[in-house]
Structures are given as C-alpha cells and as structure tokens.
Amino acid sequence: MRRTTLTLTMAILLVATSACQPKADLSDPSIESDILDTTSTSTQQPPKEIVTPKALTKAFLASSKKQLTNELICTKLSDAMSAIGDNSKFEDIHAIQRQLDACLPLSDNLEILQWLVDYQSMYRRFLSEGNAVDDQKFNEVMYTLDQGEKISLEQLKTMSPRVRYLIELVQSDADVRILSLGEGYYAFDHNLKAMADIFTPYLPKDQKAFIQRMAIDNQDILWSDAAVAISFDEVIERAQFWEEYIQRYPKGYSVEDAKDLLNLYRYIIIFGSDNTQWTDDAVHEFISPEYEQ
C-alpha cells in the first residue's frame, strides 16, 4: 500500500493528583480572602506521577500495534468491498465505512480514488434487487415510496425478500433511496452526497470540487424519454459551473471530464434534445421568452 510518510508523535502527559475536595465558591468574599492568605494553608503539592521507561515502551508498542493493524486492514480494504453483494446486510456496509475512516488518513491519492471506485461498485451490487416478482408491481411500490406514502402489507408480500429488506432501509433513513429512472421506472440508489462526505476531506481541492458537484448532479437523472429532465436554468447553471471549474483548475486531475461536461451542457443549451427544444428548428429564435437569457 502506497502511503505518504507518517510521523508518529507521542505525548506523555504527567497527571497531577488533586485533593478530593469540592471546588470553592469564589463568589464568597470570605472564601476568596482565605485563598489569598497563603500563610494559613499548606503550600505542599502532591508528588507527580513518575513515567517509567517501561511505561513509555508499553505505550509505544500499543501505538505501533494499532498502526500495524490499521495498515493490514487497509491492504485488504478493496477485497472487503468486493465481498459485498446482493445478500449482504447494511451492517456490512457500516463495517466498510469504519475501515475507511481508519484508512483514508493513511493513504495516498491514487489509493483513495481507487477506493472511491470500489465503493460505488460495492453499492451497486448491494442494491441489486434481484428478480422482482412483477416489474409493474415493483415500480408501483417504488412510486409509492418515492411519493413519501406508505405501502400496504399486500404490496409488500408481492416483493422478493431482498426488495423488502431494501425497502426497510429506505424507510429507516439509511444511505439508500429511491431513484426515478423516468417513464414510470424506479431503482434503488445510495446517497451520493453521503459518499462524497466520506472521501472528499482527504482529496485535493480540484478533486473535492469535482466529486461534490457530481454527487449533487447525479442525485437525479438528466435524460428521460429523449427529453431533458432538468430545467433550462439548471442546464445553464451547470454549464457555468464547469466553465469556471476549468478556469480555476486548468491542470486538475478531472479537467478533461469537466471539459466533456461543459460541451454536453453547451450542446443542450443550443440544441436541446429530441423531446426538449429551446429554439425553433432553424435555431433562429427561442421558443419561449424565458429561454432568451
């Protein structure tokens, strides 16, 4: 595992014992005068604890053991994520997240980016609903959930055990949500913003900005039935964001992807799509006044 050089710093705290007495109320003037009168009280302090070489060695070995354990876990982290599938439980996801919390601060950029890819693949496998009993009934249940409404026991009985388990996760506010695919189709998806929050604190600014923006934009679909699924204003805002991103990070890790996204949104602004037209066929004038901006 490639890692940046880590410096092991040990702070040895010398803890002084204190007299087992309640704290004085300094708001009482008589008590304050007693405290200031050093001639009437003993100034002798309890002896400080002595930190022996044996204690220092023990603390060092404990710290080293913890570090070695974390390093061993980190070398196996990709394998651990690969083992998550459509029979896994959400507790397995939590275990991976705890391992990431320990490993991300110890790792280099390339390894973190690889774990990000592995994490997304892991969630795709985990959220696979298998073979639903009936696609129409499945999408009806998902539509009901997407609308924030309760589903009936009869509807649940028509779903596979895996679908019922994933529905429970949605209803318990886990990192699992409903994604509308358009045209009445639905799927399970994970919370991309929550994923970004795990990884971005350990990434350079350009990568952090890229991943955070993609997590926002990919929370919902862009296309639906050959139509643009977001508003014209949103298309313009995204184009402006990627234009500014390219100017700010001209040599950034993801600048080529940013250029592709800028070209995509520019194209949509000018030409729309088969079922979404901002201008007339000759691209001479905008169809609606609100598009003229």
Please list, chain by chain and in numerical order, all residues satisfying salt bridge (charged side-chain N to carboxylate O under 4.0 Å, His left out) with Glu256, sequence neighbours excluded.
-> Lys259
Spell out, as yes or no, whether a donor-acceptor pair under 3.5 Å connects the side chain of Arg248 to the backbone of Glu243.
-> no
Tightest non-hydrogen contact, residues Ala215 and Leu192, listed as CB-O, 3.6 Å
Donor-acceptor side-chain pairing of Gln114 and Asp118 below 3.5 angstrom | yes
Closest non-hydrogen atom pair, Arg238 against Arg213 | CG-NH2, 3.4 Å
Given side chains that start at C-beta, do those of Ile84 and Met122 come closer than 4.5 Å, heavy atoms only?
-> yes
For the pair Asp175 (side chain) and Ala194 (backbone), establish whether a donor and an acceptor sit closer than 3.5 Å, ignoring hydrogens and angles.
-> no
Would you check if the side chain of Gln155 reaches a backbone N or O of Ser152 as a donor-acceptor pair within less than 3.5 Å?
-> yes
Mind checking whether Phe90 and Phe126 have parallel, tilted or perpendicular rings, split at 30° and 60°?
-> tilted
Would you please say whether a donor-acceptor pair under 3.5 Å links the side chains of Arg124 and Ser121?
-> yes
Are any non-hydrogen side-chain atoms of Val170 and Leu166 less than 4.5 angstrom apart?
-> no
Quick one: are Ser160 and Val163 in side-chain contact, heavy atoms under 4.5 Å?
-> yes
Check whether any side-chain heavy atom of Tyr249 lies under 4.5 Å from a side-chain heavy atom of Lys205, and answer yes or no.
-> yes
Non-hydrogen side-chain atoms of Asn263 and Arg266 separated by less than 4.5 Å = yes
Under 4.5 Å between any side-chain heavy atoms of Leu77 and Glu111, yes or no?
-> no
With Phe210, which residues qualify under ring-ring contact (aromatic ring centres under 6.0 Å, His included), at least two apart?
-> Trp242
Specify the closest pair of heavy atoms between Trp115 and Cys74, including all atoms of both residues, with the distance to one decimal.
-> CZ2-O, 3.6 Å
Counting distance only, does the side-chain N/O of Gln212 pair as donor-acceptor with the main-chain N or O of Ala196 below 3.5 Å?
-> no
